[in-house]
Amino acid sequence: MEPVEITEDGLLLRPWLASDADDVHRACQDPDIQRWTTVPRPYRPEHAHGFVTGIAPRAWADGTGAPFAVGDAATGELLGSCGLVSIDRTLESGEIGYWTAPWARGRGVTVRAVRAVARWAFDALALRRLVWQAEVGNHASRLVALRAGVQVSGELRLARPGEGGRVEGWIGSLLPGELPAPGAPGPAGPGTLDARRAAVFGRAQPVLFATAGDTELRLRPMEERDLAGVVATCRDPDTVRWTSVPHPYQHSDAEGYLTYGGLAWARGSSACFVLADPDDAFVGTVDLRLNPVDPLLAEVGFMTAPHARGRGWMPAALGALAAWGVTGLGLARIEWKAHVGNTASRRVAEKAGFTVEGTVRGGVAQRGQRVDAWLGALLAEDLT
């Protein structure tokens, strides 16, 4: 396949040149490129030279890929990389991949580049589908894909995960009729809920603070040192009675919860926090689980270590988490549910500002059966 050049929307996409090696080497020192792509680590000058003089031209010659250098159409400055990392002529399908040089970020470069490559692939190569994949947690790549028109449809375990990365990957696809015109606004633009949450979940999970009387508490990500506290709390008779934690609760269950919390944050589906006392010791957990259908709705769940109950710590933590969900994630409604009769949980919710709205028959599942549940909610306007 003969290499081509594409000029679109202020960009020049062209074949890689030997003279690009220094800029490629400089760009690939970036921690984000090394974290989220499969470039060698450490990335040395010989890797850059081998890419621009060997790997890239060979992909064109073999027809197995179409790697483009992305440059500014006016100045020629190298801004990034975008192209087809694989082409399947049997399926008339290709996979798109990209990275943005750190000095070119925040300018919509890669969204424009993806659209340009996709348009060329559909028109010149007559491909019928483009596939996008990224490690779960790479919210910057996901946002680019969404803005380019890609429909992100689910997860697929990666065949070649990055070194030290997750095997879980997002997958999406783009068909010719879904490609926005050059310069047209696309979905997930600046200021949208998708963009807002990508900015939140694309960073490390934050530490939140809550105050109960004179006591300052921290809501932080769970760590291995918390596992013993989780096990003890989940073996407590009241926790067993009122929740659906595994019974009998094992250390492996706590390890699974720790893993779940990290993956849920990477997915952007839940925020699982440990409530820590002034000595940073475990005193409970509090979670915010986003609704997979209604993006403005979430549900809270919490449990308090037996020795920390009755101090007003959990209402303070729940109130802080709800405020963060509204202001940070743009939630409009946060729901709380508890088994009918769980007056301790109800008191916590009411002290945190939740309004109990009624009883849901068979509202929650517990160990193979449905039980009635109280339902309460906190609305965004309740916090103003």
With a sphere of 6.0 Å drawn around [atom1] of [X], does it hold more than 12 non-hydrogen atoms of other residues, nucleotides or ligands?
X    : atom1 : value
E381 : CD    : yes
R367 : CZ    : yes
H247 : NE2   : no
R370 : CZ    : yes

In the structure I gave you, are the side-chain heavy atoms of [X] and [Y] within less than 4.5 Å of one another anywhere?
X    : Y    : value
F282 : T233 : yes
V109 : V70  : yes
D32  : P102 : no
V245 : C234 : yes
T359 : L375 : no
F354 : V300 : yes
L288 : F273 : no
K337 : E299 : yes

Once you round to the nearest 0.5 Å, how far does CD1 of I96 lie from CG of L130?
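One gets 5.5 Å once the value is rounded to the nearest 0.5 Å.
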Which distance, rounded to the nearest 0.5 Å, do you find between the CG of L156 and the CD of Q133?
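Output value for this atom pair is 6.0 Å.
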Any sub-3.5 Å donor-acceptor pair from [X]'s side-chain atoms to [Y]'s backbone N or O?
X    : Y    : answer
E335 : L297 : no
D88  : E92  : no
T75  : E77  : yes
W36  : P31  : no
Q366 : R241 : yes
E178 : L175 : yes
D226 : E223 : yes
T239 : R235 : no
T243 : V240 : no
W60  : P67  : yes

side-chain contact (heavy atoms from CB on, under 4.5 Å) between L11 and L79, intermediate numbers included
CA-CA 9 Å; L11 300 177; L79 305 176; 3.9 Å; yes
Pairs in or reaching into residues 135-154: which pass side chain to side chain donor-acceptor pair (under 3.5 Å), with residues at least two apart or in two chains?
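Residue pairs passing side chain to side chain donor-acceptor pair (under 3.5 Å), neighbours aside: R35-E135, Y98-S141, W132-S141.
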Considering residues at least two apart in sequence or located in another chain, which fulfil the side-chain contact (heavy atoms from CB on, under 4.5 Å) criterion with [X]?
X    : value
P315 : V348, K351
T259 : none
D62  : R58, T64
L78  : W16, D23, V24, A69

Check side chain to side chain donor-acceptor pair (under 3.5 Å) between [X] and all other residues, then give those that pass, not counting sequence neighbours.
X    : value
T304 : none
R14  : D20
T100 : T110
Y43  : none

Please answer: with hydrophobic residues joined when any side-chain heavy atoms are less than 4.5 Å apart, are [X] and [Y] in the same cluster?
X    : Y    : value
V274 : L208 : no
V283 : L258 : no
V85  : L91  : no
V136 : Y257 : no
L13  : V52  : no

D287 versus Y260, side-chain donor and acceptor atoms under 3.5 Å
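Side-chain D/A pair, Y260 to D287: absent.
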Hey, is [X] close enough to [Y] for a salt bridge, meaning N to O under 4.0 Å?
X    : Y    : value
D30  : R105 : yes
E8   : R119 : yes
D280 : R225 : yes
E168 : R267 : no
E357 : R333 : yes

Stepwise ring-ring contact (aromatic ring centres under 6.0 Å, His included) check, W324 with F209:
CA-CA 10 Å; W324 175 78; F209 295 90; over 10 Å; no
If you look only at pairs with a residue in residues 309-322, which of them pass as a salt bridge (Lys or Arg N to Asp or Glu O under 4.0 Å), with sequence neighbours excluded?
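Matches after skipping sequence neighbours: D236-R309, D238-R309.
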The test is side-chain contact (heavy atoms from CB on, under 4.5 Å); show your working for V207 and L219 and say whether it passes.
CA-CA 6 Å; V207 175; L219 285 76; over 6 Å; no
Decide side-chain hydrogen bond (donor to acceptor under 3.5 Å, both in side chains) for R129 and S173; before the verdict, give the C-alpha distance in whole Å, the side-chain angles of both, and the deciding distance to 0.1 Å.
CA-CA 7 Å; R129 182 190 66 184; S173 58; over 6 Å; no
Distance under 6.0 Å and angle within 45° of ring axis: R26 vs W103:
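Cation-pi check for R26 and W103: passes.
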Please go through L193's hydrophobic cluster and name the other residues, only I, L, V, M, F, W, Y counting, with side-chain heavy atoms under 4.5 Å joining them.
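Joined to L193, directly or through intermediates: L296.
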Which other residues end up in the same hydrophobic cluster as V371, if Ile, Leu, Val, Met, Phe, Trp and Tyr are linked when side-chain heavy atoms come under 4.5 Å apart?
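V364, all in the cluster of V371.
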Between S345 and W374, is the side-chain hydrogen bond (donor to acceptor under 3.5 Å, both in side chains) condition met? List the steps.
CA-CA 10 Å; S345 180; W374 286 320; over 6 Å; no
Any chance you could lay out the side-chain contact (heavy atoms from CB on, under 4.5 Å) test for D277 and R218, step after step, and finish with the verdict?
CA-CA 7 Å; D277 67 12; R218 301 172 76 228; over 6 Å; no
Return the minimal non-hydrogen interatomic distance between A352 and G319, and the atom names on each side.
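Looking at all heavy atoms of both residues, the closest pair is CB-N, 3.9 Å.
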Given side-chain contact (heavy atoms from CB on, under 4.5 Å), test V200 with L329 step by step and report yes or no.
CA-CA 8 Å; V200 172; L329 301 180; 3.8 Å; yes
